[in-house]
> 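The structure's right below; bear with me while I get my questions together.
Note: hydrogens, waters and symmetry copies are ignored here, and every other heavy atom, side chains too, is used. Remember, predicted model here, so these are calculated numbers, not experimental data.
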Amino acid sequence: MFNFSKSTSISTIALVAFLLTCFALPVFSVDLPFDPNDYSFLVYDSESTGSSIRDAMKKILGRDLTQSEIRTSTNPITPMDIATHDILIIGSTVDGDLGGLDAITLSAGITGRVILTGHDADWHYINDSKLYVKQAAEKFLINAINYALHGGGTGMLVLADIQNPDLFPYIPPAWDISSQNIIPWGDDVNEFTTEALASGVYDNLDPCDMSDWNGTYHDIFTIATGSPFVPFELGGVNNGDTITIAQTAICPSPFTLAKTDNAPADGVIIYNELEFFSCNYSAMSGNML
């Protein structure tokens, strides 16, 4: 039989209550530039052998994703899903199943900022053995999510790592984006573009941080002439290959994309936030960002 004094019992109860209160609160890995409770997240998990998107989101958001926030090939993304969420995050897809992603659905539903990235930051954030790599991947993930969340509409972040000959079947053809698989050699980032630095996606990062994610640059995206996307990271021979690309907003039909009258030659205007293009329809012109 153990005997505790009354004061000891009260102290113990108080300590237990304090600890329960602390552990009941969300625990963030870092100070987030956004409150995850203010946004609804939709995550596509290809359920690949290297998929770590659920663990990454748990560590970043400080909570488990609910079943209504997760989609897979057997639970495809629907137009309603996109309409009711602020951001779609597509996780690493090595040997995964992309059958739950449809180009028509994404083309109609994604109306906010889009980032297509040629590296699987979620896998390296969770699984990489090197601390500095994990930290760089975490910073990129948080910055990229923050960028997409604050663009208005429903944004999308693609954490690409595809080893399938049929690359990115879910990317809408109207986006004029082509891709090339470069496994197993990968590629290095030589510089961030002016637009990328202004966006905040690479705050507290530099090209060496990104290129040191050994083996992460598996896919290269190329922008077609006239595409509204712009490069964020440049690599390859003579910086000729686009590694990561972004678009601030998708214009809803029947709008078409055109440069604003006062836009410089590359179609980029820098204000407090990025503004790449405006949407124009007939004689009317309106900024959709």
> If every non-hydrogen atom of Leu205 is compared with every non-hydrogen atom of Val201, which pair is closest and at what distance?
CD1-O, 4.3 Å
> Does Thr193 reach the main-chain N or O of Ala196 with its side chain, forming a donor-acceptor pair under 3.5 Å?
yes
> Quick check: do Ile145 and Met57 have side-chain heavy atoms less than 4.5 Å from each other?
yes
> Would you find a donor on one side and an acceptor on the other, under 3.5 Å apart, between the side chain of Ser211 and the backbone of Val189?
yes
> Without swapping roles, check the side chain of Asp120 against the backbone of Leu159 for a donor-acceptor pair under 3.5 Å.
no
> Side-chain contact test, heavy atoms from C-beta onward, threshold under 4.5 Å: evaluate it for Tyr44 versus Pro76 and give yes or no.
no
> Closest heavy-atom contact between Pro172 and Ala103?
CG-O, 3.6 Å
> How close do Pro231 and Glu195 get, counting heavy atoms only, and between which atoms?
O-OE1, 4.2 Å
> Work out which heavy atom in Gly153 is nearest to a heavy atom in Thr111; give both atom names and the distance.
CA-OG1, 3.3 Å
> Taking the six-membered ring for Trp and the full ring for Phe, Tyr or His, determine whether the centres of Phe221 and Phe229 are under 6.0 Å apart.
no
> Heavy-atom distance under 4.5 Å between the side chains of Ile142 and Leu32, does that happen here?
yes
> What distance separates Asn204 CG from Asn143 CG, expressed to the nearest 0.5 Å?
7.0 Å
> Could you tell me if the side chain of Ile90 sits less than 4.5 Å from the side chain of Met156, heavy atoms only?
yes
> Taking Ile104's backbone N and O only, do any of them form a donor-acceptor pair with Ser107's side chain (distance below 3.5 Å, no angle check)?
no
> Considering non-hydrogen atoms only, spot the tightest contact between Gly118 and Thr244 and give its length.
N-OG1, 3.9 Å
> Examine distances only and state if a side-chain atom of Thr154 and a backbone atom of Ile82 form a donor-acceptor pair shorter than 3.5 Å.
yes
> My understanding is that only residues two or more places apart in sequence, or in another chain, count here; which of them pass ring-ring contact (aromatic ring centres under 6.0 Å, His included) with Tyr202?
Phe140, Phe192
> So, taking the atom named NE2 in His124 and the one named NZ in Lys130, what distance separates them when rounded to the nearest 0.5 Å?
8.0 Å
> Can you list the steps and then say if Asp45 with Thr72 is a side chain to side chain donor-acceptor pair (under 3.5 Å)?
CA-CA 5 Å; Asp45 186 353; Thr72 63; over 6 Å; no
> What distance do Ile87 atom CD1 and Arg113 atom CZ have between them, rounded to the nearest 0.5 Å?
11.0 Å
> For the side chain of Thr242 and the backbone of Phe232, is there at least one donor-acceptor N/O pair under 3.5 Å apart?
no
> Taking ring-ring contact (aromatic ring centres under 6.0 Å, His included) as the test, write out the residues that go with Phe41, two or more places apart.
none
> Do Leu65 and Trp123 share a hydrophobic cluster (ILVMFWY, side-chain heavy atoms under 4.5 Å, transitive)?
no
> Using every non-hydrogen atom in the two residues, find where Ile89 and Ile53 come nearest and quote the distance to one decimal.
CG2-CD1, 3.8 Å
> Is there a side chain to side chain contact (heavy atoms under 4.5 Å, CB included) between Phe168 and Ile177? Walk through the geometry before answering.
CA-CA 10 Å; Phe168 303 100; Ile177 300 299; over 6 Å; no
> Out of curiosity, Asp128 CG to Glu138 CD, how far, rounded to the nearest 0.5 Å?
13.0 Å
> Decide side chain to side chain contact (heavy atoms under 4.5 Å, CB included) for Ile223 and Asp176; before the verdict, give the C-alpha distance in whole Å, the side-chain angles of both, and the deciding distance to 0.1 Å.
CA-CA 6 Å; Ile223 308 171; Asp176 287 328; over 6 Å; no
> Sort and list the pairs that fulfil salt bridge (charged side-chain N to carboxylate O under 4.0 Å, His left out) and have at least one residue in residues 67-76, not counting sequence neighbours.
Arg63-Glu69, Arg71-Asp81
> To the nearest 0.5 Å, how far apart are CG in Leu157 and CD1 in Ile115?
5.5 Å
> Sub-3.5 Å donor-acceptor pair from the side chain of Lys134 to the main-chain atoms of Ile126, do we have one?
yes
> Return the CD to CG distance between Glu191 and Asp206, rounded to the nearest 0.5 Å.
13.0 Å
> Quick one: are Met210 and His119 in side-chain contact, heavy atoms under 4.5 Å?
yes
> Contact between Pro169 and Leu98 at the side-chain level, heavy atoms closer than 4.5 Å - yes or no?
yes
> Starting from the C-alpha separation in whole Å, work towards a yes-or-no answer on side chain to side chain contact (heavy atoms under 4.5 Å, CB included) for Leu234 and Ile243.
CA-CA 6 Å; Leu234 296 178; Ile243 305 296; over 6 Å; no
> Hey, is the main chain of Asp86 close enough, under 3.5 Å, to the side chain of Ser40 for a donor-acceptor pair?
yes
> Apply side chain to side chain contact (heavy atoms under 4.5 Å, CB included) to Val158 and Tyr170, showing your working.
CA-CA 11 Å; Val158 175; Tyr170 59 84; 3.2 Å; yes
> Here's a test for you: under side chain to side chain contact (heavy atoms under 4.5 Å, CB included), which of Leu141, Asp55, Asp122 qualifies with Ile60?
Leu141
